[in-house]
Amino acid sequence: MTVRILGTGSALPQTTVTNDDLSKIMDTSDEWIRTRTGIGTRHLAKEETTASLSVEAACRALENSGVSAQELDFIIVGTVTGDNITPSCACTVQAALGADRAAAFDINAACSGFLFALHTAYAYIHAGIYRTGLIIGAEVLSRIMDWTDRSTCVLFGDGAGAAVVRADETGLLGFEQGSDGEKGVVLSCPGRPNNNPLVSNPTDLRFVHMDGQEVYKFAVTTVPASIARVLEKTKTAPQDVRWFVLHQANVRIIHSVEKRLKAGEEKFPVNLDHCANTSAASVPILLDEMNQKGMLSRGDKIVLSGFGAGLTWGTALLEW
Ligand code: COA
């Protein structure tokens with residue numbers, strides 16, 4: 001028994017901010033951002049929260065799948081920007097949906113969060129513990145950006161993507177996930193200062209810090225290798241894969257993966273131009289856009305692959 005995606009949904013904040021908008025508040029340009037990353041516009045949350053975007057995406061996924069909130073056995077949210085330390089974003093979503101039978105919790109695997117949630121769902125379902133679940137990737141990264149650091153803040157956007165999953169004979173055909181904590185320092189966000197009066201407060205390190213070139217090197221080596229391993233394990237040729245839905249961090253990373261796999265540029269959809277990097281939300285938002293456009297047909301082989309802080313990575317091969 002494996003896990004199949006029954007339906008998808010996504011939600012983006014109302015406010016859009018173009019590269020030109022950013023160039024009015026910092027020393028950057030549309031030309032620099034577009035040529036180095038493929039990003040044109042991002043959605044940034046003003047009124048929206050990680051939970052409100054998650055709930056919106058979840059409602060659409062439930063509607064798209066024809067599953068009711070009461071049927072959900074679990075809700076897992078991949079996020080590093082939950083609105084609270086506790087309760088978790090997943091518990092807030094559970095309450096809003098009235099999914100009172102569901103066990104709900106968040107996982108922190110940064111931009112790989114949706115893939116780690118999918119694999120956790122598989123583990124529960126394959127073990128026979130649960131039958132139906134909701135997995136979400138959601139972020140309001142704009143809250144933890146250093147808006148004085150042009151090398152990071154221009155790259156990210158806010159949003160949420162969701163999928164309803166259920167036990168089935170087909171669906172997830174193979175996957176792998178991994179972590180390299182030794183390299184965690186290249187993309188980090190320490191969080192809150194220590195509030196213990198016995199400890200002297202260190203410098204304020206609330207915001208994201210990134211060594212862009214190290215992250216880039218990690219991505220262009222780890223992602224194709226991870227995809228190649230999953231394809232080999234499942235005896236699938238890259239040519240047999242209909243879509244490679246990769247984490248949307250940088251169009252140059254996507255092109256590099258595509259060249260290594262030699263699978264054809266047209267199989268690598270990109271939505272960076274209007275969403276930027278939404279971390280854990282990027283894979284499910286793109287998957288939902290494709291679903292809404294009718295690009296996914298029953299039986300299609302689809303690779304999902306995410307990578308990011310931790311460092312972490314995860315790849316899945318699905319039959320739609
Ligand atoms: N606008 C204009 N100039 C900028 C800029 C911006 N927003 N950000 C940085 N620059 C400048 C730098 O200050 C530097 O100037 P200098 O040469 O005068 O010192 C120059 O551009 C080149 O910077 P560099 O960091 O070498 O650029 P790069 O080619 O490595 O591209 C990234 C930077 C961030 C786009 C690239 O490293 C990258 O995409 N890395 C992966 C990041 C990622 O995907 N993170 C998320 C993973 S989940």
Side-chain angles (χ1 to χ4, degrees), residues 17-42 44 78-81 107-117 137-142 144-159 161 177-181 183-189 207-224 226-227 245-258 268 270-273 275-286 304-315:
V17 177
T18 65
N19 294 340
D20 284 331
D21 293 334
L22 290 180
S23 72
K24 289 177 193 137
I25 57 169
M26 67 186 73
D27 183 13
T28 190
S29 66
D30 180 58
E31 197 266 335
W32 192 96
I33 301 171
R34 241 176 235 284
T35 52
R36 302 220 179 201
T37 68
I39 295 166
T41 301
R42 71 285 292 137
L44 298 183
T79 186
V80 292
T81 51
I107 53 175
N108 175 342
C111 304
S112 315
F114 183 77
L115 268 301
F116 276 50
E139 306 284 7
V140 176
L141 286 163
S142 53
I144 59 165
M145 282 300 131
D146 177 352
W147 287 95
T148 65
D149 177 8
R150 64 178 181 170
S151 66
T152 53
C153 68
V154 303
L155 304 176
F156 296 94
D158 302 331
Q177 57 191 12
S179 310
D180 183 359
K183 297 211 185 86
V185 71
V186 305
L187 180 46
S188 63
C189 180
F207 305 121
V208 169
H209 177 80
M210 181 177 74
D211 180 338
Q213 290 181 2
E214 282 304 313
V215 175
Y216 192 94
K217 276 189 244 162
F218 156 71
V220 297
T221 52
T222 306
V223 177
S226 172
I227 294 174
V245 181
L246 304 192
H247 170 47
Q248 303 286 297
N250 184 317
V251 76
R252 290 189 296 151
I253 294 174
I254 295 170
H255 287 158
S256 166
V257 174
E258 166 206 308
F268 289 75
V270 173
N271 71 358
L272 272 162
D273 54 327
C275 284
N277 178 347
T278 55
S279 183
S282 88
V283 167
I285 289 174
L286 179 55
L304 309 181
S305 191
F307 64 90
L311 298 172
T312 57
W313 64 93
T315 297

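Both backbone and side-chain heavy atoms feed into the values below; hydrogens, waters and symmetry mates do not. Both ligands and their constituent atoms are indexed starting at 1 by order of listing.
- Within the listing of ligand 1, atoms 7 (N) sit less than 4.0 angstrom from a heavy atom of Val154.
- Of the protein's heavy atoms, Met210 SD, 3.2 Å lies nearest to atom 45 (N) of ligand 1.
- Not a single heavy atom of Met26 sits under 4.0 Å from any atom of ligand 1.
- Of the polar atoms of Gln213, at least one N or O is found under 3.5 Å from an N or O of ligand 1, judged by distance alone.
- The backbone N or O of Ser282 sits nowhere less than 3.5 Å from a side-chain atom of Gln248 that would complete a donor-acceptor pair.
- A donor and an acceptor atom, one from each side chain of Thr81 and Glu139, are located under 3.5 Å apart.
- Of all the heavy atoms of Thr152, none lies under 4.0 Å from any atom of ligand 1, so neither backbone nor side chain is involved.
- Proximity of atom 32 (C) of ligand 1 to the protein is not indicated, since no non-hydrogen protein atom lies closer than 4.0 angstrom.
- Any N or O atom pair closer than 3.5 Å counts here, and Ser29 shares no such pair with ligand 1.
- Of all the atoms in ligand 1, the ones that sit under 4.0 Å from a non-hydrogen atom of Ala249 are 44 (O).
- Those atoms of ligand 1 with a heavy atom of Asn250 less than 4.0 angstrom away are 38 (C), 39 (O).
- Contacts of Ser151 with ligand 1, taken as heavy-atom pairs under 4.0 Å, involve both backbone and side chain.
- Side-chain atoms of Tyr216 and Ile253, non-hydrogen and from C-beta on, do get closer than 4.5 Å to each other.
- Remark: ligand 1 atoms within the under-4.0 Å shell around heavy atoms of Asn277 are 46 (C), 48 (S).
- In terms of protein heavy-atom proximity, atom 12 (C) of ligand 1 is nearest to Arg150 NH2, 3.9 Å.
- Taking a distance limit of 4.0 Å, we find that atom 14 (C) of ligand 1 is approached by no protein heavy atom.
- Looking at Ile39, Thr41, Val154 one by one, the single match for side chain to side chain contact (heavy atoms under 4.5 Å, CB included) with Asn19 turns out to be Ile39.
- With respect to atom 9 (C) of ligand 1, the closest heavy atom belonging to the protein is Trp32 CZ2, 3.5 Å.
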*Derivation of the side chain to side chain contact (heavy atoms under 4.5 Å, CB included) call for Asp158 and Leu141*: CA-CA 6 Å; Asp158 302 331; Leu141 286 163; 4.0 Å; yes
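- Under a 3.5 Å cut-off, the side chain of Thr312 and the backbone N or O of Ala109 do form a donor-acceptor pair.
- The nearest protein heavy atom to atom 1 (N) of ligand 1 is closer than 4.0 Å.
- The structure places CD1 of Ile107 at 10.0 Å from CZ of Phe114, a figure rounded to the nearest 0.5 Å.
- Atom 47 (C) of ligand 1 has Val215 CG1, 3.5 Å as its closest protein atom, hydrogens excluded (heavy atom only).
- At a distance under 4.0 Å, no protein heavy atom can be found next to atom 19 (O) of ligand 1.
- One N or O on the side chain of Thr37 and one on the backbone of Ile33 form a donor-acceptor pair closer than 3.5 Å.
- The nearest heavy-atom contact from the protein to atom 27 (O) of ligand 1 is Arg36 NH1, 3.2 Å.
- Nearest protein neighbour of atom 35 (C) of ligand 1, counting heavy atoms only, is Thr37 CG2, 3.9 Å.
- Considering backbone and side-chain atoms together, His247 places no N or O closer than 3.5 Å to any N or O of ligand 1.
- Here CZ of Phe307 is found 10.5 Å from OG1 of Thr315. Values are rounded to the nearest 0.5 Å.
- Given atom 36 (C) of ligand 1, the protein heavy atom at minimum distance is Arg252 NH2, 4.2 Å.
- Put simply, the side chain of Arg42 never gets that close to the backbone of Asn277: no donor and acceptor are under 3.5 Å apart.
- At under 3.5 Å, a nitrogen or oxygen of Gly212, whether backbone or side chain, sits near a nitrogen or oxygen of ligand 1.
- The backbone and the side chain of Thr28 each have at least one atom closer than 4.0 Å to an atom of ligand 1 (non-hydrogen atoms only).
- Note: Thr278 OG1 to Leu272 CG = 9.0 Å, rounded to the nearest 0.5 Å.
- For Trp147 (side chain) and Ser142 (main-chain N/O), a donor-acceptor pair under 3.5 Å exists by modelled atom type.
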